[in-house]
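Each residue takes its place number in the sequence, starting with 1.
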Amino acid sequence: MAQPNPPPRRVRLFRNNRNQAIRIPVEFELPGQDALIHREGDRLIIEPVREAGLLAG
């Protein structure tokens with residue numbers, strides 16, 4: 001399982017057809033199959049999609 005707050009780690013960007021991609025190191029893995037990505041200034045924020053449970057309103 002992923003560490004709670006691992007230190008920053010340098011990774012390489014690469015091309016997958018017309019998309020830019022990144023390999024996510026194991027200590028940064030997200031749960032599930034889907035994620036949300038958005039930009040804040042020059043940062044990209046990637047978050048797991050939280051499935052709505054029975055108590056979600």
Supply the atom-to-atom distance Leu44 CG to Gln20 CD, rounded to the nearest 0.5 angstrom.
-> 8.5 Å
Do side-chain atoms of Arg15 reach the backbone of Arg18 as a donor and acceptor pair under 3.5 angstrom?
-> yes
Any side-chain heavy-atom pair of Ile46 and Leu36 under 4.5 Å = no
Minimal heavy-atom distance between Leu30 and Ala35, with the atoms involved, is CD1-CB, 4.1 Å
Of all heavy-atom pairs linking Pro7 and Phe28, the shortest is O-CZ, 3.3 Å
Working to the nearest 0.5 Å, report the span between CZ of Arg23 and CG of Asn16.
-> 9.0 Å
Can you tell me how far the CD atom of Glu27 sits from the CD1 atom of Ile24, to the nearest 0.5 Å?
-> 11.0 Å
Enclosure of Gln33 CD (heavy-atom neighbours >12, cutoff 6.0 Å) = no
